[in-house]
Amino acid sequence: MSVEKNTRKLDKGIVSDFSSRMSYAAYLQLPTLLSAQQPVSQPEHHDELLFIIQHQTTELWLKLVLHELRSAAAWLREDDLGSALKGIARVKHIQKTLTEQWSVLATLTPTEYSQFRGFLGNSSGFQSAQYRAVEFVLGNKNSKMLPIFESDPQAHAMLAELLAAPSIYDEFLAYLARQGFDVPRSVLDRDVTRAHEFAPELVPLFKHIYENAAENWAAYEACEELVDLEDNFQLWRFRHLRTVQRTIGMKTGTGGSSGVTFLQKALELTFFPELFAVRTEIGQ
Ligand code: HEM
Ligand SMILES: N[C@@H](CC(=O)c1ccccc1NC=O)C(=O)O
């Protein structure tokens, strides 16, 4: 039957009694989720809700990114490259969403933000445990970050655990070694609690994989997925930097850093330096 009066008739089977059935709101714990947006500005500033939701949605996606990347590292440890690549593919889509989401926050003008910034005290995204955890899983370890989380034992424990665990890159290199690739011992035995540093002895191995991609397709594809991950991560960092710049200019950050200058330095960090260095060597 066609729609009349621009009103859709409800199908007979539509369930409406949830007294003993699971509902949408119950499954998703919406009362909890939707009561967690509590502006602190007084009087309440209209735009603080945007600010809170932008951060909370980011944290939700970061939760999934972390879940997928930790699983991908575990799958690599079990030599299940297919499952690891599937997880990384999902993460890449989430990264695109997160990077695109900056355009929503860019509608917050400098004047509007300045009207409630003072209420944020010393809170800052710098204190995001999940963001730091993602950096650690990708190999950018920094033990100096841990004291920031001492007042949150759960976050501190998670970061301490990830600091001590091999990164996804450590797991990938160990996987390549098990597959018979010539991964230097010094790389396999590195101190995983520290940030991965450029290991020039890895470049010839990647050169071999890239120049013989057809014969080493699985390894080649995995390398390119990691390159995409790093690219996407840097694009997020860049959009953050530009949003900060257009919103607070060169003001110091609420977290105590110099602000834009501090964020700029993060653009020089790299997770998988040899996968970028190999580009220079290809065809030479
Ligand atoms: C108008 C919006 C924003 C401004 C002005 C801003 C500003 C800043 C500043 C100045 C810092 C440096 C640390 C400090 O001293 O506070 C920082 C760090 C950070 N912010 Fe934001 N931010 C904004 C939005 C966001 C959003 C939406 C997120 C998403 C969760 C976020 C996540 C982070 C993270 C993870 C860091 C640490 C970066 C690092 O360690 O390199 N920020 N932000
Ligand atoms: N660091 C920002 C404040 C800020 O953006 C923020 C404050 C509380 C919770 C998350 C934040 N987001 C990113 O740093 C500032 O200096 O204005």
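First listed ligand is number 1; within each ligand, the first listed atom is number 1.
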*What is the closest protein heavy atom to atom 38 (C) of ligand 1, and at what distance does it sit?*
Leu263 CD2, 3.9 Å
*asked:* I'd like the name of whichever of Thr247, Thr243, Leu105, Ile53 reaches closest to atom 2 (C) of ligand 1 through any heavy atom.
replied: Leu105
*Side-chain heavy atoms of Phe18 within contact of Tyr24, under 4.5 Å*: no
*Which atoms of ligand 2 sit under 4.0 Å from any heavy atom of Ser123?*
7 (C), 8 (C)
*Is any N or O atom of Tyr113, backbone or side chain, closer than 3.5 Å to an N or O atom of ligand 2?*
yes
*How are the rings of Tyr220 and Trp217 set relative to one another: parallel (under 30°), tilted (30 to 60°) or perpendicular (over 60°)?*
tilted
*For Gly255, is at least one N or O under 3.5 Å away from an N or O on ligand 1?*
yes
*Which residue and non-hydrogen atom of the protein lie closest to atom 25 (C) of ligand 1, and at what distance in Å?*
His55 NE2, 3.2 Å
*Test Glu161 against Arg70 for salt bridge (Lys or Arg N to Asp or Glu O under 4.0 Å), laying out the working first.*
CA-CA 12 Å; Glu161 185 191 330; Arg70 292 183 80 161; 2.9 Å; yes
*asked:* Side chain or backbone, does Ser257 bring an N or O within less than 3.5 Å of an N or O on ligand 1?
replied: yes
*Evaluating non-hydrogen atoms only, which member of Arg117, Gln127, His240 is closest to atom 16 (O) of ligand 2?*
Arg117
*Atoms of ligand 1, numbered as shown, that sit under 4.0 Å from any heavy atom of Gln54*: 27 (C)
_Please classify the Tyr131 to ligand 2 contact at 4.0 Å (heavy-atom distances, strictly less than): side chain, backbone, both or neither._
neither
_Give me the nearest non-hydrogen protein atom to atom 17 (C) of ligand 1 as residue plus atom name, then the distance to 0.1 Å._
His240 CE1, 3.5 Å
*Looking only at heavy atoms, is any part of Tyr131 under 4.0 Å from ligand 1, and if so is it the side chain, the backbone, or both, or is it neither?*
side chain
*Between Phe116 and Phe51, what is the ring plane arrangement, given parallel below 30°, perpendicular above 60°, and tilted in between?*
perpendicular
*Please confirm whether Gly253 comes within less than 3.5 Å of ligand 2 when only nitrogen or oxygen atoms on both sides are compared.*
no
*Within a distance under 4.0 Å of any heavy atom of Val244, pick out the atoms of ligand 1 and give their elements.*
4 (C), 6 (C), 7 (C), 8 (C), 22 (N)
*If you measure from the Lys or Arg side-chain nitrogens to the Asp or Glu carboxylate oxygens, is any gap between Glu135 and Arg132 under 4.0 Å?*
yes
*Are any of the N/O atoms in Thr58 less than 3.5 Å from those in ligand 1?*
no
*asked:* Heavy-atom distances under 4.0 Å decide this one: backbone, side chain, both or neither, for Trp61 against ligand 1?
replied: neither
*Under 4.5 Å between any side-chain heavy atoms of Ser167 and Val137, yes or no?*
no
*asked:* Looking at every non-hydrogen atom in both residues, tell me the closest pair between Lys141 and Ala165 and how far apart they are.
replied: NZ-O, 2.7 Å
*asked:* List ligand 2 atoms under 4.0 Å from Thr254, heavy atoms only on the residue side.
replied: 1 (N), 2 (C), 3 (C), 15 (C), 16 (O), 17 (O)
_Which segment of Lys251 sits under 4.0 Å of ligand 2 when only heavy atoms are counted_ = neither
*Polar-atom distance check: Thr252 versus ligand 2, any N or O pair below 3.5 Å?*
no
*Those atoms of ligand 1 less than 4.0 Å from some heavy atom in Ser124*: 13 (C), 14 (C), 16 (O)
*Distance to 0.1 Å, residue and atom name: give those for the protein heavy atom nearest to atom 41 (O) of ligand 1.*
Ala266 CB, 3.8 Å
*asked:* Parallel, tilted or perpendicular: which one describes the rings of Phe126 and Phe262, with boundaries at 30° and 60°?
replied: perpendicular
_Tell me whether Glu215 at atom CD has more than 12 heavy atoms from other residues, nucleotides or ligands lying less than 6.0 Å away._
yes
*More than 12 non-hydrogen atoms from neighbouring residues, nucleotides or ligands closer than 6.0 Å to CZ on Arg242, yes or no?*
no
*If every non-hydrogen atom of Leu176 is compared with every non-hydrogen atom of Ala219, which pair is closest and at what distance?*
CD2-CB, 3.8 Å
*Numbering the atoms of ligand 2 from 1, which are under 4.0 Å from a heavy atom of Gly125?*
10 (C), 11 (C), 12 (N), 13 (C), 14 (O)
*Would you check if the distance from the ring center of Tyr169 to the ring center of Phe271 is below 6.0 Å?*
no
*Within a radius of less than 6.0 Å around CZ of Arg117, do more than 12 heavy atoms belonging to other residues, nucleotides or ligands occur?*
yes
*pair Asp79-Tyr175: side-chain heavy atoms closer than 4.5 Å*: yes
*Protein heavy-atom partner closest to atom 40 (O) of ligand 1 - residue, atom, separation in Å*: Arg132 NH2, 2.8 Å
_Sub-4.0 Å atoms of ligand 2 with respect to non-hydrogen atoms of His55_ = 10 (C), 11 (C), 12 (N), 13 (C)
_Protein contact to atom 6 (C) of ligand 2 [nearest heavy atom, distance to 0.1 Å]_ = Phe51 CZ, 3.6 Å
*asked:* Name the residue from Glu48, His46, Gln115 that meets the side chain to side chain donor-acceptor pair (under 3.5 Å) definition with Ser41.
replied: Glu48
